[in-house]
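For reference, the structure is listed below as C-alpha cells.
All values below come from the heavy atoms of this structure, side chains included, with hydrogens, waters and symmetry mates left out. Just so it is clear: chains get the letters A, B, ... in the order the sequence lines come, proteins before strands, and each one is counted from 1.
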2 protein chains.
Amino acid sequence: MANRKGLKGEMKLEGFLCFALYSANNAMQRVTKAAYKNIGLTYSQYLVMAVLWEGGVQSVNDIGKKLFLESNTLTPLIKKLETLNLLERNRSSKDERKVMVSLTKEGKTLEKESRSHANSVVEKIGLSMKDFKELQSKIVRLREQLVKD
Amino acid sequence: MANRKGLKGEMKLEGFLCFALYSANNAMQRVTKAAYKNIGLTYSQYLVMAVLWEGGVQSVNDIGKKLFLESNTLTPLIKKLETLNLLERNRSSKDERKVMVSLTKEGKTLEKESRSHANSVVEKIGLSMKDFKELQSKIVRLREQLVKD
DNA sequence: ACTCATTGTATCGCATGAGATTTAATCGTT
DNA sequence: AACGATTAAATCTCATGCGATACAATGAGT
C-alpha cells in the first residue's frame with residue numbers, strides 16, 4: 001500500500017477506465033443491437049452463432065470458454081436460439097453430462113446474411129485498420145489481466 | 001460499399017473489437033462487483049453515487065447525461081438506492097417534471113469508505129499510469145464515435 | 001464395487017440496459 | 001388563454017450476466 005499520491009486521484013483514475021469501458025460497451029451494444037436486429041438476433045445471440053459458424057458442433061462449455069460465459073448465462077440464450085430453429089441441443093452419448101449444440105440448416109444459412117450487417121458496425125466504429133487492431137489488442141490484454149486467478 | 005478486401009475478413013475484424021470490448025467489460029463487471037460488494041453496492045449503483053458525490057443535488061436526467069443512461073434504466077436504480085437510504089428523491093418545485101436526487105447523510109459518508117475498494121480495482125487492472133490513461137482516452141474516443149448522430 | 005470429489009448443465013434470484021409507450025408538466029405560438 | 005409540441009420520469013417487456021445452488025454423470029483413489 002505504498003506509493004500513493006492521494007487516494008482521491010487514484011479513485012478518479014480508476015473510475016475513468018472502468019467507466020470508459022462500461023459506457024463504450026453500452027454504446028457498442030446499442031449500435032450492434034440496431035445492426036443485428038435486421039437478422040432477428042441480439043449481439044449475444046450473434047456471438048453464439050458466430051462461435052458455431054466458426055467451430056461447428058460443440059458443447060455448451062466449449063462455447064462458454066470462447067465467449068467467457070458460463071452455463072447460467074448460456075443455457076437460456078441457447079434455448080432461445082433453439083426456439084428460433086437456428087440450432088439443436090442434444091445430450092452427448094459419450095458423456096451424458098454434455099449437451100452438444102449444432103446448427104440447423106436455417107442456422108447455417110444465416111451466416112451469409114449476417115455479413116453485411118457486421119459491415120455496418122465496422123463503418124460506425126470508423127477507425128483505420130491500424131487503430132482498430134491496436135485498440136483491440138490493448139483491450140484484450142486488459143481482459144486477460146482482469147480474468148487472471 | 002466500395003473498398004472491401006473480402007467480407008469474411010471484415011466480419012472477423014468487426015467481431016474482434018466488438019467482442020474485445022464486450023468480454024473485457026464483462027470481466028471488469030465481475031471484478032468491480034466483487035470490489036464494491038463490500039460496501040453493498042453494484043458498480044452501476046456506485047456510478048450513480050459517484051456522480052452525486054461529484055456534482056451534488058441534480059435531476060435524474062442530469063445523472064443520465066453523465067452516465068449515458070436514460071430514465072428507464074436510472075429510475076429503478078435510483079429507487080433501489082433510495083431504499084438503501086443513500087439518497088432522496090424529490091420533485092423540483094420550480095419544474096415539477098423533474099425529480100431532484102440528493103444524498104442522505106449516510107450516502108455522503110459512503111464516499112470515504114468507497115475509496116479503498118476503488119483502489120483494489122486499480123491494482124487488479126495492473127497498468128502503468130501512462131498505459132492506463134492512454135487506453136482510457138482511446139476507449140473514450142471510440143465511445144464518442146459510437147454515440148454520434 | 002464404493003465413496004468422494006469433480007465436471008457439465010440447469011435453475012433461481014437479482015440487477016442491469018434498452019425500446020416502446022404513458023403520463024404529467026412546461027414551453028411556444030398564436 | 002388555448003393549443004400542440006416538447007420534455008422529464010416512470011412503466012412495461014424483453015434479454016442479458018452472474019452468484020449461489022442443485023443435480024446427474026463421470027472420474028479417481030481405495
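- To the nearest 0.5 Å, atoms OG (Ser23(A)) and CG (Asn25(B)) are separated by 9.0 Å.
- Between Thr42(B) and Lys98(A), the residue anchored closer to the 5' end of DNA chain C is Lys98(A), taking for each the nucleotide with the nearest heavy atom.
- Side-chain atoms of Ser44(A) lie closest to dT16(D) of the nucleotides dG8(C), dG17(C), dT16(D).
- Nucleotide dT16(D) holds its P atom 10 Å from the CG atom of Leu47(A), rounded to whole Å.
- OP1 or OP2 of dG8(C) has not a single side-chain nitrogen or oxygen of Ser59(A) nearer than 4.0 Å.
- For Val60(A), the side-chain atoms get nearest to dA10(C) when compared with the rest of dA9(D), dA25(C), dA10(C).
- Between Tyr36(A) and Tyr43(A), the ring planes lie tilted relative to each other; the angle falls in the 30° to 60° range.
- Atom CZ of residue Arg97(A) and atom CG of residue Asn61(A) lie 10.0 Å apart, to the nearest 0.5 angstrom.
- Asp95(A) has its CG atom 8 Å from the P atom of dT9(C), to the nearest Å.
- Relative to the side chain of Arg97(A), the nucleotides dT7(C), dA18(C), dA10(D) differ in distance, and dT7(C) lies closest.
- Protein atom OH of Tyr36(A) is 18 Å distant from nucleotide atom P of dA15(D), rounded to whole Å.
- A 4.5 Å side-chain heavy-atom check between Leu67(A) and Phe19(B) finds at least one atom pair inside the cut-off.
- Residues from residues 66-81 of chain B that place a heavy atom under 4.0 Å from any atom of DNA chain C, listed by number: Leu69(B), Asn72(B), Thr73(B), Leu77(B), Lys80(B).
- For Lys66(A), the NZ atom counts as densely surrounded, since its 6.0 Å shell holds more than 12 non-hydrogen atoms of other residues, nucleotides or ligands.
- Here dG8(C) presents its P atom at 6 Å from NZ of Lys65(A), a figure rounded to the nearest Å.
- OP1 or OP2 of dG17(D) has at least one side-chain nitrogen or oxygen of Tyr22(B) nearer than 4.0 Å.
- Closest to the side chain of Arg89(A), out of dG19(D), dA10(C), dA10(D), is dA10(C).
- More than 12 non-hydrogen atoms from other residues, nucleotides or ligands lie less than 6.0 angstrom from NZ of Lys124(A).
- Taking atom CG on Asn26(B) and atom P on dT16(C), their separation rounds to 15 Å, with Å as the unit.
- The CG atom of Asn119(B) lies 10.5 Å from the NE2 atom of His117(B); values are rounded to the nearest 0.5 Å.
- Residue order along DNA chain D, read from the 5' end via each residue's closest nucleotide, puts Lys33(A) first among Lys33(A) and Lys33(B).
- Among the atoms of the strands shown, none is found under 4.0 Å from any heavy atom of Lys37(B).
- Atom pair Glu96(B):CD and dA24(C):C1' shows a separation of 10 Å (rounding to whole Å applied).
- In the displayed structure, Glu70(A) atom CD is contacted under 6.0 Å by at most 12 heavy atoms of other residues, nucleotides or ligands.
- Counting only heavy atoms from C-beta on, Gln45(A) has its side chain closest to dA15(D) among dT26(D), dT9(C), dA15(D).
- If you measure from atom CZ of Arg91(B) to atom C1' of dT26(C), you get 13 Å, rounded to the nearest angstrom.
- Lys94(A) has its NZ atom 25 Å from the P atom of dA24(D), to the nearest Å.
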